[in-house]
2 protein chains.
Amino acid sequence: MARPPAPRGTRAPTLTDVARLAGVSVATASKALNGRNHVSAATRERVLEAAAQLSFSPNSLARGLLAGRTGTVGLLTSDLVGRFSLPILMGAEDAFGAGEMSVFLCDARGDAIRERHHVQALLSRRVDGLIVVGSSTDPRPPLAAAVDVPVVYAYAPSENPDDLSIVPDNVGAGRMAVEHLIACGRTRIAHISGDRGYSAARDRVTGALAALDDAGIALVGQVAYGTWEEGWGRAAASMLLDREPDVDAVLCGSDQVARGVLDTLRERGRRVPEDVAVMGFDDWKVMTTGARPQLTSVDMNLEELGRTAARALFEAIDAEHGRGVRTVQCRVVVRGSTAPEA
Amino acid sequence: MARPPAPRGTRAPTLTDVARLAGVSVATASKALNGRNHVSAATRERVLEAAAQLSFSPNSLARGLLAGRTGTVGLLTSDLVGRFSLPILMGAEDAFGAGEMSVFLCDARGDAIRERHHVQALLSRRVDGLIVVGSSTDPRPPLAAAVDVPVVYAYAPSENPDDLSIVPDNVGAGRMAVEHLIACGRTRIAHISGDRGYSAARDRVTGALAALDDAGIALVGQVAYGTWEEGWGRAAASMLLDREPDVDAVLCGSDQVARGVLDTLRERGRRVPEDVAVMGFDDWKVMTTGARPQLTSVDMNLEELGRTAARALFEAIDAEHGRGVRTVQCRVVVRGSTAPEA
DNA sequence: CGGCGTTCCGAAAAGGTTTTCGGAGGCTTT
DNA sequence: AAAGCCTCCGAAAACCTTTTCGGAACGCCG
């Protein structure tokens with residue numbers, strides 16, 4: 001910050017330069033470039049030509065300073081490394097990028113201090129709004145600082161019900177999964193879940209049990225909680241087969257767990273899907289399409305969630321701020337592990 | 001853009017407000033807040049208190065307008081969905097976020113039109129520099145528009161050697177991998193690579209062959225090019241075992257390919273690592289640690305690459321612009337698939 | 001008491017754009 | 001011919017911060 005900016009070529013052309021070249025005042029140049037009226041066609045043409053010749057590009061800072069609106073939003077994520085924030089980020093970037101909005105990306109890495117610092121920086125840059133992306137679906141504390149721009153929470157809802165949160169429908173996902181298995185003719189369904197500490201795991205269980213209840217079917221064995229990893233899937237499947245040899249479907253808490261289950265089933269000589277159907281959650285492509293057979297999974301529609309959050313923020317910027325928790329529907333992606341290839 | 005900004009609470013406090021509250025002029029308030037001298041301690045204290053009371057946050061737009069430097073950089077990626085851009089992005093965000101820089105994220109999705117549009121938008125926002133992250137390590141055309149801010153290409157180098165590019169050392173990675181296998185006592189080494197269309201695959205082959213050559217060892221069979229997927233790994237391993245039953249190590253073009261190879265080896269009753277050692281590239285945690293046994297891999301250090309790119313851009317902003325291609329070293333992460341557990 | 005140096009503060013300009021308002025000129029209407 | 005309206009353009013203000021420069025107050029010395 002000590003040194004002055006290095007003189008790199010010549011300074012960017014300003015509206016004044018354009019006006020001078022076109023032989024008009026800056027006011028006229030501005031009007032011509034922005035398509036406002038009260039400018040004759042001939043003059044407008046001259047200005048446009050001058051602007052093109054200088055490859056003029058209006059200074060967004062000056063514009064934002066005057067308009068009180070910058071056309072920027074902040075995307076505050078808790079962990080870029082996690083694989084759930086990425087599709088959401090993509091969806092949001094997608095929805096914004098289509099318009100005239102630019103996105104500031106900040107990674108707080110789960111650190112509250114860092115988060116506060118980033119929020120301050122974003123506010124000082126006068127963003128028009130904020131999207132806060134959580135790293136799990138568990139509720140998170142709202143932003144500490146007082147923010148006078150709209151905030152939308154994505155994936156992890158805010159603990160404050162007055163905030164607007166967009167979350168995936170994990171209960172619905174569990175329900176849809178079981179309904180799919182039942183539709184495939186399965187009646188002896190077990191559930192190997194993920195980490196009990198995550199509401200995503202518990203919600204999916206809730207939905208799954210509800211669907212079983214609706215169908216008048218009992219779960220085979222107990223819900224098995226563990227971790228989100230392949231190793232847990234292998235171990236849990238082994239125990240399951242020992243205790244419940246006649247199981248004909250295993251719903252898994254994640255695609256990774258399902259991969260482990262598939263491994264164990266193969267080793268035990270169970271055919272998938274003929275003997276046992278297997279399903280995962282998240283539809284993580286590299287997991288589902290690399291598996292043998294390919295894995296049926298529930299797509300949580302995270303990219304759509306990101307787009308929804310962006311659109312909600314967009315509305316909140318222009319109009320009134322919504323509140324409450326909104327869910328985004330998910331969908332079953334059917335592959336070979338539940339339905340034999342056609 | 002039609003509606004005026006919704007009046008959300010009261011407008012953000014400005015330096016004028018702070019000065020008025022503290023009973024000084026804006027100039028004094030500015031000096032006090034920025035820690036410049038020629039302000040008495042008492043006055044400074046009054047100003048700081050007033051600023052805190054109003055929770056004043058200086059308007060970065062106005063500051064940037066004046067300073068000619070905005071403290072923002074643009075991060076232009078070709079495909080957020082790909083998993084290589086993410087760690088780079090993280091590293092860059094990391095290196096920038098530590099200071100006073102904010103990052104604009106743009107996803108061009110491999111579309112040149114969209115890319116140009118984003119570059120224009122970034123320039124109009126007066127970013128101080130740009131990082132262009134490619135989706136593969138193949139050289140890419142330089143930015144179309146004339147940019148008068150420093151640009152650093154990351155992962156994919158620019159086709160123009162006068163640009164500065166930071167890329168992973170794929171040749172070195174191939175070399176290190178083979179050296180590790182040799183160090184593990186393997187002498188009958190095969191290589192199941194990835195997609196021949198990618199320079200990453202070819203470069204790794206180059207490095208691997210060079211290391212074999214140095215050691216006076218011949219590759220077992222031919223280099224097998226295919227895809228980056230698990231299925232290819234399974235198929236290629238099957239063919240390999242048919243033709244070269246006495247192979248004692250398989251170097252795989254990616255972790256995914258390695259997973260497929262592991263699968264086939266298990267089915268064929270070969271023990272890993274006792275009979276055959278297996279290695280992958282990329283060190284994709286979910287692939288390597290979920291495997292049985294856990295997979296030795298070469299970490300391409302992408303996060304470090306992102307940090308390096310950010311630092312290079314930082315230097316280029318302050319001083320002179322570098323040029324040429326710089327590589328970032330990678331490292332072998334040893335796991336059970338090449339070395340028996342201790 | 002005058003001169004001088006030091007310390008502190010305020011006025012003003014700069015940065016680039018948008019918008020408002022007034023002015024100038026041309027044309028129509030009475 | 002005078003009055004009025006419409007079209008087009010330019011001057012200037014506004015947005016907010018930083019920096020420069022001049023001025024004021026004060027203490028100290030001669």
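Per chain, numbering begins at 1; letters A, B, ... match sequence-line order. This is a predicted model, so every value here is computed, not measured.
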statement: Closest to the 5' end of DNA chain C, once H38(B) and P13(A) are matched to their nearest nucleotides, is H38(B)

task: State, with a plain yes or no, whether a side-chain heavy atom of Y153(B) is found less than 4.5 Å away from one of P142(B).
output: yes

query: Please give, in whole Å, the distance from dC16(D) C1' to L61(A) CG?
result: 12 Å

query: Closest heavy-atom contact between T72(B) and T70(B)?
result: OG1-OG1, 2.8 Å

task: Return the minimal non-hydrogen interatomic distance between A50(B) and V18(B), and the atom names on each side.
output: CB-O, 3.8 Å

- prompt: Is D163(B) salt-bridged to R140(B), going by a charged N under 4.0 Å from an acidic O?
  reply: no

- request: Kindly say if N34(B) contacts the phosphate of dT18(D), meaning a side-chain N or O under 4.0 Å from OP1 or OP2.
  value: yes

task: Indicate whether OP1 or OP2 belonging to dG10(C) is found under 4.0 Å from a side-chain N or O atom of S25(B).
output: yes

- prompt: What heavy-atom pair brings C106(B) and E93(A) nearest, and what distance separates the two atoms?
  reply: CA-OE2, 3.3 Å

- prompt: Expressed in angstrom and rounded to an integer, what is the separation of L66(B) atom CG from dT18(D) atom P?
  reply: 8 Å

task: Starting from P on dG16(C), measure out to CG on L15(A) and report it in whole angstrom.
output: 10 Å

message: Quick check on dC8(D): is either OP1 or OP2 less than 4.0 Å from any side-chain nitrogen or oxygen of S40(A)?
response: no

message: Please report the distance, rounded to the nearest Å, between CG in N59(B) and P in dG16(C).
response: 16 Å

- request: Please identify each residue that fulfils side chain to side chain contact (heavy atoms under 4.5 Å, CB included) with L305(B), with sequence neighbours left out.
  value: I88(B), A154(B), I166(B), P168(B), L302(B), V328(B)

- request: Calculate the interatomic distance between R69(A) atom CZ and dT19(C) atom P; express it in whole Å.
  value: 13 Å

message: Does a side-chain N or O of R36(A) approach OP1 or OP2 of dT18(C) to a distance below 4.0 Å, or not?
response: no

Length of the line joining R44(A):CZ and dC8(D):P, which is rounded to integer Å: 9 Å

field: Of K31(B) and P58(B), the one whose closest DNA chain D nucleotide lies more 5'
entry: P58(B)

task: Answer yes or no: is there a side-chain heavy-atom contact under 4.5 Å between F96(B) and L313(B)?
output: yes

Atom-pair distance (CZ on R125(A); C1' on dT17(D)), nearest Å: 14 Å

message: Over the length of the helix from dC1(C)-dG30(D) to dT30(C)-dA1(D), how much do the five-pair end axes diverge, rounded to 10 degrees?
response: 70°

task: Look at all strands and tell whether T14(A) reaches a base, only sugar-phosphate, or nothing, counting heavy atoms closer than 4.0 Å.
output: sugar-phosphate

